[in-house]
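For this chain, numbers begin at 1 and follow the sequence in order.
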Amino acid sequence: MNALLAVAQFIVNEILSQPAYLIGIITAVGLIALRKSAGQVVGGAIKATLGFLLIGAGAGLVVLSLKPLGIMIQGALGAHGVIPTNEAIVAIAQAEYGAQVTWLMILGFAISLVLARFTPLSYVFLTGHHMLFMATLLTMVLAVAGFSTPVVVLTGGILLGIVMVALPALAQPWTRRVTGGDDVAIGHFGTAGYVAAGATGQLVGRRSRSTEEMNLPEGLRFLRDSMVATALSMVLLYLVLAVIFLVRVGPDEAYRAFPDGAANIGNYLMKSVSQGLQFGIAVAVILFGVRTILGELVPAFQGIAAHVVPGAVPALDAPIVFPYAQNAVLLGFISSFVGGLVSLGLLTWIFNPLFGLTLVLPGLVPHFFTGGAAGVYGNATGGRRGAIAGAFVNGVLITFLPALLLQVLGPFGEENTTFGDADYGWFGTAIGAAAELGGWGAVVAALAIGAVILLAAIAVQVKVVAAGWDPGAARDAELGESTLPASVAEPAAGARRYAKIPPPRGAPVPPPPE
């Protein structure tokens with residue numbers, strides 16, 4: 001039994017929870033199914049793996065560049081509370097429930113493949129670390145309610161499998177609006193924020209132009225380069241907060257915001273400039289990684305679609321949408337962060353005193369990744385206003401939902417950290433509330449929630465996605481835009497048209513409509 005557990009833990013912790021290896025394996029399977037040569041299989045798998053490692057390297061640079069900024073924000077605002085960090089809460093829970101998490105994740109992945117094969121929800125969730133995070137969350141809420149390990153694993157595995165195929169389907173109309181086709185889906189547990197951002201864009205941005213069409217004065221043309229605009233914006237943000245932090249706490253404490261300190265005020269300010277520039281580099285690395293992996297994974301999925309899960313659609317991490325509207329990523333990050341600050345104020349003045357909700361500080365990392373993606377979704381349906389308003393809504397969600405989630409985490413609610421993305425908040429709270437009913441009634445209630453989500457996703461897939469509904473069609477009509485960009489060949493008469501943002505160079509081109 002110990003040997004089997006060790007093997008299962010190795011598979012989960014060293015392979016399935018490592019998205020780069022998982023993507024490489026999936027790519028290899030798809031290329032083998034396409035009867036590619038051994039060299040093409042190995043080369044494609046390695047390139048796809050390297051693409052995800054590039055994304056991880058960029059994400060690591062983002063975290064490093066934002067860490068001092070988070071210290072400055074907390075010191076400048078004088079706020080104290082919980083900072084949502086997925087990795088931190090997972091590490092804490094793994095120490096107590098590692099075995100349950102392992103088996104739950106394996107079962108959940110297997111169930112998701114079965115559902116993808118035998119239901120209309122042909123989505124294969126490939127974001128390995130998010131599988132691990134959701135498996136950990138489900139284990140926590142079920143275990144702290146007092147259920148035995150078999151019940152936790154079986155119930156949690158079913159629920160995990162459901163959300164891994166259902167959430168990509170629920171977001172697919174908006175994802176298709178971003179990417180222009182059904183080649184990829186979003187496989188990230190911030191889906192509620194992205195759908196909310198897309199819906200918000202529909203409401204507020206009918207006549208708003210895209211963030212990628214900003215008309216800049218001749219002297220500011222250099223800002224059309226997204227890497228330059230991102231780096232410059234972060235430099236200015238860093239400098240403003242650095243000065244406020246310095247004035248508020250004094251030089252001795254302010255200098256310690258950086259890992260190796262600062263020698264004097266000039267050095268302190270230049271370190272702030274350097275961190276802003278590092279952020280721009282990090283975003284560029286992420287975008288290059290996304291383009292690299294798409295170039296290998298999408299063709300490989302043709303093989304999986306034909307042999308393993310007919311019609312399979314890869315559901316991938318949030319940065320997969322960044323190349324489609326790079327200016328929207330930056331606007332989304334800033335707007336989501338502002339939404340987090342406004343929500344923190346509401347928690348401080350209203351919801352903490354009246355309802356006892358914990359103060360949730362805006363975490364720079366979740367606001368960047370989910371806020372940036374929300375900006376892209378909002379821009380796709382509502383242009384600039386949609387990007388700003390949609391990402392703001394995402395910022396509100398990832399502040400209030402973690403505060404609600406803390407109420408059902410039992411002793412883990414006192415760990416000064418929690419899960420940060422929107423789907424962990426609403427789904428974890430719902431399952432946790434059901435688990436608190438106790439007994440088999442709690443299991444039935446939790447599975448009923450999963451069944452409702454699954455049925456809703458199937459209905460959306462059949463009646464909305466397959467029907468070709470475009471959430472941005474009204475905006476296109478208002479702006480007098482064609483539903484297809486000039487760069488895409490005119491389809492055959494009677495073929496379905498999708499409104500879309502022209503993809504950047506290197507992004508996948510959807511197949512012609514049948």
Side-chain angles (χ1 to χ4, degrees), residues 1-17 22 86 89-119 121 124-125 127-167 189 405 407-413 415 418-419 423-455 457:
M1 184 63 182
N2 290 336
L4 289 175
L5 179 59
V7 171
Q9 288 179 327
F10 171 79
I11 293 173
V12 169
N13 295 328
E14 304 300 332
I15 299 177
L16 294 182
S17 65
L22 183 61
N86 295 332
I89 190 65
V90 166
I92 293 170
Q94 284 275 3
E96 186 171 350
Y97 297 119
Q100 291 98 316
V101 171
T102 298
W103 291 112
L104 192 155
M105 182 174 173
I106 291 175
L107 179 61
F109 187 63
I111 289 174
S112 74
L113 293 180
V114 171
L115 291 173
R117 176 66 179 84
F118 295 106
T119 73
L121 308 177
V124 179
F125 195 99
T127 310
H129 58 299
H130 267 236
M131 292 186 217
L132 177 62
F133 296 164
M134 184 62 83
T136 304
L137 171 60
L138 290 170
T139 300
M140 291 166 64
V141 296
L142 293 171
V144 298
F147 292 106
S148 64
T149 295
V151 174
V152 169
V153 171
L154 183 58
T155 304
I158 294 171
L159 294 171
L160 177 61
I162 287 173
V163 296
M164 285 168 60
V165 296
L167 296 188
F189 289 127
L405 177 62
Q407 309 299 308
V408 299
L409 291 184
F412 292 101
E415 294 290 350
T418 187
F419 294 88
D423 296 334
Y424 300 120
W426 72 263
F427 190 60
T429 301
I431 300 303
E436 289 181 350
L437 296 174
W440 287 106
V443 174
V444 172
L447 293 177
I449 292 172
V452 169
I453 295 170
L454 181 63
L455 293 174

S.K.: What's the verdict on side-chain contact (heavy atoms from CB on, under 4.5 Å) for Phe427 and Leu137, showing C-alpha distance, side-chain angles and the deciding distance?
M.R.: CA-CA 10 Å; Phe427 190 60; Leu137 171 60; 5.7 Å; no
S.K.: For the residue pair Leu104 and Leu154, establish whether any side-chain heavy-atom pair is separated by less than 4.5 Å.
M.R.: no
S.K.: Drop me the distance from Thr149's OG1 to Gln100's CD, to the nearest 0.5 angstrom.
M.R.: 4.0 Å
S.K.: Sequence neighbours excluded and cut-off under 3.5 Å, please list the side-chain donor-acceptor pairs for residues 446-455, or say none.
M.R.:
none

S.K.: Are Leu138 and Met134 packed together at the side-chain level, in the sense that at least one heavy-atom pair is separated by less than 4.5 angstrom?
M.R.: yes
S.K.: Return a table of donor-acceptor pairs under 3.5 angstrom between the side chains of residues 430-438 and protein atoms on other chains or two or more places apart.
M.R.:
none

S.K.: Under the side chain to side chain contact (heavy atoms under 4.5 Å, CB included) rule, collect the residues that match up with Val151, sequence neighbours excluded.
M.R.: Phe147, Ser148, Thr155, Trp440, Val443
S.K.: Could you go through Asp423 and Val163, starting from their C-alpha distance and side-chain angles, then the distance that decides it, and tell me whether this counts as side-chain contact (heavy atoms from CB on, under 4.5 Å)?
M.R.: CA-CA 9 Å; Asp423 296 334; Val163 296; over 6 Å; no
S.K.: Quick check: closest heavy atoms across Leu160 and Met105, and the distance to 0.1 Å?
M.R.: CD2-CA, 3.9 Å
S.K.: Quick one: ring pair (Phe, Tyr, Trp, His ring centres under 6.0 Å) partners of Phe133, sequence neighbours excluded?
M.R.: His129, His130
S.K.: Mind checking whether Tyr424 and Phe419 have parallel, tilted or perpendicular rings, split at 30° and 60°?
M.R.: tilted
S.K.: In Å, rounded to the nearest 0.5 Å, how long is the span from CE of Met131 to OG1 of Thr127?
M.R.: 7.0 Å
S.K.: Would you mind reporting whether Leu115 and Leu121 have side-chain heavy atoms less than 4.5 Å apart?
M.R.: no
S.K.: State which residues pass side chain to side chain contact (heavy atoms under 4.5 Å, CB included) with Ser112; sequence neighbours excluded, sorted by chain then number.
M.R.: Phe109, Met164, Val165
S.K.: Got a sec, which residues hit side-chain hydrogen bond (donor to acceptor under 3.5 Å, both in side chains) with Asn86, two or more places apart in sequence or on another chain?
M.R.: Asp421
S.K.: Set out, in order, the CA-CA distance, both residues' side-chain angles and the distance that settles side-chain contact (heavy atoms from CB on, under 4.5 Å) for Met140 and Val408, then state yes or no.
M.R.: CA-CA 9 Å; Met140 291 166 64; Val408 299; over 6 Å; no
S.K.: Do the side chains of Tyr97 and Thr136 get nearer than 4.5 Å, heavy atoms only?
M.R.: no
S.K.: Measuring only between side-chain heavy atoms, which start at C-beta, is Gln407 closer than 4.5 Å to Thr429?
M.R.: no
